[in-house]
Amino acid sequence: MELESIYIVLVEPEYSGNVGFVARVMMNFGFKHLILINPKIDVNEASIYAVHAKPILDDAIVLDDLTKLKDFTDFNIGTTSKRGHDYNLLRMAITPRMLADAISDVRGKIGLIFGRESIGLKNEELKFCDVIVTIPTSHLYPSLNLSHAVAIILYELFLSKSSSKPAKYRESSQIEKEKLLEYFKNILDAINYPSHKRERAFIVFKHIIGRSFISGREAFTLMGVFRRILLSLSK
């Protein structure tokens, strides 16, 4: 994982000051790429708060829809302040320190997605993500300011990078991961898994693949197993 490969993504940011402060934090920790999804702010005003990090705002990519992020990133990390549980799978999350450890050997472009200041990321947007991160906070006031949340996660990634070890295996590609998900979906269809439970099962498997950061060899082996399962079911 290289810092150069990480894109900080802000979904519909609502306050110019926060966007400017995010740019400053990015420069503090060596991150260069900022993507704004349908921003609700004045970028010129945000530049005032960015100070010396104004070039990050000048180079920011603006998209009108989160799904278009697929043209820029191979792996996407969502953030939430609402912690999940067994019955809220979309918000089952790992901590920033766990994330820094997990993606230390990841190859490809990574999107680190932050939601709106008012409501964060919606469930449909979390479904777009491969893994979810939450910052442990006091239950008295669990929601962090946007720029503070960005700072904490970028700090952990920066710290991890400074002491990371060389990769010992090839990380599975986005195409391989998508193929695994496709095989899993086909298996659910083939076994007539209850339709009302399929989406839940698919999300669980997608998050497992996202958290495990499997190697190319592991992905290839799993695809072989899934292929044989489908062949057996078709007989």
Side-chain angles (χ1 to χ4, degrees), residues 6-29 31 33-43 45-51 53 56-57 60 62-67 69 73 75-103 110-160 203 206-207 210-211:
I6 297 179
Y7 288 69
I8 310 306
V9 183
L10 306 183
V11 176
E12 298 188 351
E14 299 160 329
Y15 299 103
S16 300
N18 275 337
V19 175
F21 292 142
V22 165
R24 289 183 66 173
V25 165
M26 288 174 61
M27 186 162 279
N28 288 148
F29 294 114
F31 295 82
H33 306 301
L34 176 64
I35 296 180
L36 303 176
I37 309 293
N38 194 22
K40 308 299 183 182
I41 57 101
D42 181 343
V43 177
E45 184 181 347
S47 297
I48 298 172
Y49 296 94
V51 193
I56 288 179
L57 287 178
V62 179
L63 304 175
D64 59 10
D65 189 85
L66 182 61
T67 58
L69 189 62
T73 59
F75 187 87
N76 293 299
I77 302 159
T79 57
T80 181
S81 63
K82 299 175 183 177
R83 302 178 191 182
H85 46 70
D86 284 348
Y87 295 98
N88 188 3
L89 295 169
L90 281 175
R91 296 184 186 274
M92 289 190 70
I94 61 177
T95 67
R97 191 155 297 178
M98 292 165 66
L99 174 69
D101 246 6
I103 68 172
I110 300 170
L112 180 53
I113 306 171
F114 295 86
R116 308 154 188 80
E117 290 93 333
S118 57
I119 61 170
L121 292 174
K122 300 175 183 177
N123 284 343
E124 284 302 314
E125 292 161 342
L126 289 173
K127 288 179 184 178
F128 178 80
C129 303
D130 297 288
V131 68
I132 309 299
V133 177
T134 193
I135 300 170
T137 54
S138 167
H139 70 279
L140 298 175
Y141 196 3
S143 297
L144 285 160
N145 172 273
L146 173 61
S147 63
H148 296 175
V150 174
I152 290 169
I153 296 179
L154 296 195
Y155 166 75
E156 290 290 350
L157 294 177
F158 176 81
L159 197 65
S160 173
I203 289 171
K206 182 178 180 180
H207 283 185
R211 287 197 299 266

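All values reported here derive from a predicted model rather than from experimental measurement.
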Could you report the tightest heavy-atom contact between [X] and [Y], atom names first, then the distance?
X: G115; Y: L146; value: O-CD1, 4.1 Å
X: T137; Y: P142; value: OG1-O, 2.9 Å
X: I56; Y: F31; value: CD1-O, 3.6 Å
X: V25; Y: A151; value: CG1-CA, 3.4 Å
X: S118; Y: E14; value: OG-OE2, 2.8 Å
X: P96; Y: P136; value: CD-CD, 4.2 Å

### Query
L99 and E156: side chain to side chain contact (heavy atoms under 4.5 Å, CB included), yes or no, with the steps?
CA-CA 8 Å; L99 174 69; E156 290 290 350; over 6 Å; no
Taking the side chain as every heavy atom from C-beta outward, state whether [X] and [Y] have any atom pair closer than 4.5 Å.
X: N76; Y: V9; value: no
X: V62; Y: V43; value: no
X: L34; Y: L10; value: yes
X: L69; Y: Y7; value: no
X: V51; Y: R24; value: yes
X: H33; Y: I6; value: no

Gap between atom [atom2] of [Y] and atom [atom1] of [X] - 0.5 Å precision:
X: L126; Y: T79; atom1: CG; atom2: OG1; result: 8.0 Å
X: I203; Y: N123; atom1: CD1; atom2: CG; result: 8.5 Å
X: K122; Y: T80; atom1: NZ; atom2: OG1; result: 14.0 Å
X: E124; Y: L66; atom1: CD; atom2: CG; result: 11.0 Å
X: S143; Y: I119; atom1: OG; atom2: CD1; result: 12.0 Å
X: L63; Y: I35; atom1: CG; atom2: CD1; result: 5.5 Å

### Task
Check whether any side-chain N or O of S147 sits under 3.5 Å from a backbone N or O of N18 as a donor-acceptor pair, and report yes or no.
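No, because the side chain of S147 does not come within donor-acceptor range (under 3.5 Å) of the backbone of N18.
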### Task
Would you confirm whether N38, through its side chain, and D65, through its main-chain N or O, come within 3.5 Å as a donor-acceptor pair?
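Side chain of N38 to backbone of D65, a donor-acceptor pair under 3.5 Å: no, none is there.
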#### Entry: Derivation and outcome, side chain to side chain contact (heavy atoms under 4.5 Å, CB included), residues I37 and I113
CA-CA 10 Å; I37 309 293; I113 306 171; over 6 Å; no
### Message
For the CZ atom on F128, are there more than 12 heavy atoms of other groups (residues, nucleotides or ligands in this structure) within a distance under 6.0 Å?
### Response
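Atom CZ in F128 is crowded, with more than 12 foreign heavy atoms closer than 6.0 Å.
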### Message
If you count heavy atoms of other groups shown closer than 6.0 angstrom to OH of Y49, is the number above 12?
### Response
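Incorrect, the count does not exceed 12.
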#### Entry: Salt-bridge present (E12, R116; N to O < 4.0 Å)
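Yes.
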### Task
Please work out whether the ring planes of F158 and F29 are parallel, tilted or perpendicular, with thresholds of 30° and 60°.
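F158 vs F29 ring planes: tilted.
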